[in-house]
Participant: 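Have a look at the structure that comes next, please.
First listed ligand is number 1; within each ligand, the first listed atom is number 1.
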Amino acid sequence: MRKQTLGEFIIENQKQFRYAEGELSRLVNAIRLAAKVVNHKVNKAGITDIIGESGDLNIQGEEQKKLDVFANETFIKTLSNREIICGIASEEEEDFISVESKTGQYQNKYVVLIDPLDGSSNIDVNVSVGTIFSIYKRLTPSGTPVKLEDFLQKGRNQVAAGYIVYGTSTMLVYSTGNGVNGFTLNPAIGTFYLSHPNISLPKEGNIYSINEGNYNHFSDGIKRYIKYCQKREGNRPHTSRYIGSLVSDFHRNMIKGGVYLYPKTQKNENGKLRLLYECNPIAFLAEQAGGKASDGKQRILDINPTQLHQRVPFFCGSKDMVETIERFMEGSGA
Ligand SMILES: O=P(O)(O)OC[C@H]1O[C@](O)(COP(=O)(O)O)[C@@H](O)[C@@H]1O
Ligand SMILES: [Mg+2]
Ligand SMILES: [Mg+2]
């Protein structure tokens, strides 16, 4: 039986969308198109001029890779040109962008936040990278330019979220609040097929993903958790796996069971990952698949955002493993 295509899935499931007038379907379709354009560039990164630094720094003070810039422009252009959003915010843009329709109106109801290229440090070394997106319904009245408050919404208000992983195969994984589904691209015909229906994140897993190079800067609670993973009384030790691309580490852990950790360090009081376009969308998917995501104390999706590029400590994956980490952090002042 031929697998369902993403296009067919979107049409069939449109009725599940809370605000089903087709706009969200068109938005997911536009993300699909931009993903294919970026995928095409990623796949032949070594033989084109897309490798290396762009020479600019982004708002976070990070070197922007050429592919960061290309992916950023591709998603912003594709989503803006299709007249389906009224605003977009990106890791690579200092401020949010208000998107006017061709008729000079602001009648669209969705805003999008994106991490155009996740795992930038892996671009030049042929290791899998991704794109992350988060979608909200605007709060301010339709017909007026969007405001910051339309973007600074709690993660639990997301109407949809997802990612694209550009790995050994290219997959688009997303949720509209009715479970998580994964689609694999058949590059020969440029079509995404439903390869992973209703993904369920195992309650317990055996994989932990953390940059242990920061070990000396972690809190006691995290140090004790890492020791616990390495020497579990009477159980075989957990396996350490860290790709260094959030999307790829989360994807593996969602399929196999495991937990991703990016704690605060003495250097980074709030850790490294950005709440709005990394942690909220991944946390939304984790919960939709039966997993859990917290900052060690609070549910990520309940955090009230105050800045576009704010960072938070992030623990996400198998429910029991996240709860074990929270117990190790309790009382340790972590
Ligand atoms: O190199 P570190 O400090 O372990 O950080 C790796 C983490 O940083 C990130 O690369 C941050 O994302 P960007 O590449 O989008 O900036 C995550 O994908 C990854 O999990
Ligand atoms: Mg990222
Ligand atoms: Mg990025």
Participant: With a 4.0 Å cut-off on heavy atoms, is E278 in contact with ligand 1?
Facilitator: yes
Participant: Please classify the R274 to ligand 1 contact at 4.0 Å (heavy-atom distances, strictly less than): side chain, backbone, both or neither.
Facilitator: side chain
Participant: Donor-acceptor pairs under 3.5 angstrom involving side-chain atoms of residues 30-38: please list them, not counting sequence neighbours.
Facilitator:
residue	atom	partner	partner atom	Å
R32	NE	N29	OD1	3.4
R32	NH2	N29	OD1	2.5
K36	NZ	G190	O	2.6

Participant: Could E326 and K297 be called an ion pair, given the rule that one side-chain N must be under 4.0 Å from one carboxylate O?
Facilitator: no
Participant: Can you tell me which residue and heavy atom of the protein come closest to atom 19 (C) of ligand 1, and the distance to 0.1 Å?
Facilitator: G244 O, 3.3 Å
Participant: What N/O/S atom of E278 is the closest to the Mg ion (ligand 2)?
Facilitator: OE2
Participant: Tell me the nearest of D115, L273, D68 to atom 15 (O) of ligand 1, using heavy-atom distances.
Facilitator: D115
Participant: Enumerate the atoms of ligand 1 whose separation from the nearest heavy atom of S120 is less than 4.0 angstrom.
Facilitator: 14 (O)
Participant: Looking only at heavy atoms of G119, does any of them come nearer than 4.0 Å to an atom of ligand 1?
Facilitator: yes
Participant: Test E92 against Q64 for side-chain contact (heavy atoms from CB on, under 4.5 Å), laying out the working first.
Facilitator: CA-CA 8 Å; E92 305 305 335; Q64 275 185 323; 2.9 Å; yes
Participant: I need the nearest protein heavy-atom contact for atom 4 (O) of ligand 1: residue, atom name and distance, please.
Facilitator: Y242 OH, 2.6 Å
Participant: Within a radius of less than 6.0 Å around NZ of K256, do more than 12 heavy atoms belonging to other residues, nucleotides or ligands occur?
Facilitator: no
Participant: Would E91 count as a contact for the Mg ion (ligand 3), in the sense that one of its N, O or S atoms lies under 2.8 Å from it?
Facilitator: yes
Participant: I need the atoms of ligand 1 closer than 4.0 Å to a non-hydrogen atom of N211, numbered in the order shown.
Facilitator: 2 (P), 3 (O), 4 (O)
Participant: With heavy atoms of L246 as the reference, note each atom of ligand 1 found under 4.0 Å away.
Facilitator: 17 (C), 18 (O), 19 (C), 20 (O)
Participant: For ligand 1, note which part of S245 has a heavy atom under 4.0 Å away: side chain, backbone, both or neither.
Facilitator: backbone
Participant: Is the backbone of L246 close enough, under 3.5 Å, to the side chain of D249 for a donor and an acceptor to pair up by distance?
Facilitator: no
Participant: How about D115: does one of its N, O or S atoms come closer than 2.8 Å to the Mg ion (ligand 3)?
Facilitator: yes
Participant: Of the backbone and side-chain N, O or S atoms of P116, does one lie nearer to the Mg ion (ligand 3) than 2.8 Å?
Facilitator: no
Participant: Report the distance from atom OH of Y166 to atom CG of L117, rounding to the nearest 0.5 Å.
Facilitator: 7.0 Å
Participant: Could you check whether K292 pairs with E287 (Lys NZ or Arg NE/NH1/NH2 to Asp/Glu carboxylate O, under 4.0 Å)?
Facilitator: no
Participant: For atom 5 (O) of ligand 1, grab the closest protein heavy atom and report residue, atom and distance to one decimal in Å.
Facilitator: K272 NZ, 2.9 Å
Participant: With heavy-atom distances below 4.0 Å as the criterion, list the atoms of ligand 1 near Y260.
Facilitator: 19 (C), 20 (O)
Participant: When the ring planes of Y208 and H238 are compared, do they come out parallel, tilted or perpendicular, using 30° and 60° as the limits?
Facilitator: tilted
Participant: Judging by distance only, is a nitrogen or oxygen of N214 under 3.5 angstrom from one on ligand 1?
Facilitator: no
Participant: Select one of side chain, backbone, both or neither to describe which atoms of L117 lie under 4.0 Å from any atom of ligand 1, heavy atoms only.
Facilitator: backbone
Participant: Between K65 and D68 (salt bridge meaning N to carboxylate O under 4.0 Å), is one present in this structure?
Facilitator: no
Participant: Check this for me: does any side-chain nitrogen of one of E91 and R274 sit under 4.0 Å from a carboxylate oxygen of the other?
Facilitator: yes
Participant: Would you check the N or O atoms of V247, main chain and side chain alike, for any that come under 3.5 Å of an N or O of ligand 1?
Facilitator: no
Participant: Does F183 have its ring centroid less than 6.0 Å away from the ring centroid of F192?
Facilitator: no
Participant: Do Q158 and N280 have side-chain atoms, one donor and one acceptor, less than 3.5 Å apart?
Facilitator: no
Participant: Looking only at N, O or S atoms, which one in D118 sits nearest to the Mg ion (ligand 2)?
Facilitator: OD1
Participant: So that I can tick it off, tell me whether K319 and E323 are bridged by a salt bridge, with the cut-off set at under 4.0 angstrom between side-chain N and carboxylate O.
Facilitator: yes
Participant: Nearest to atom 3 (O) of ligand 1, what protein heavy atom do you find, and at what distance?
Facilitator: Y262 OH, 2.6 Å
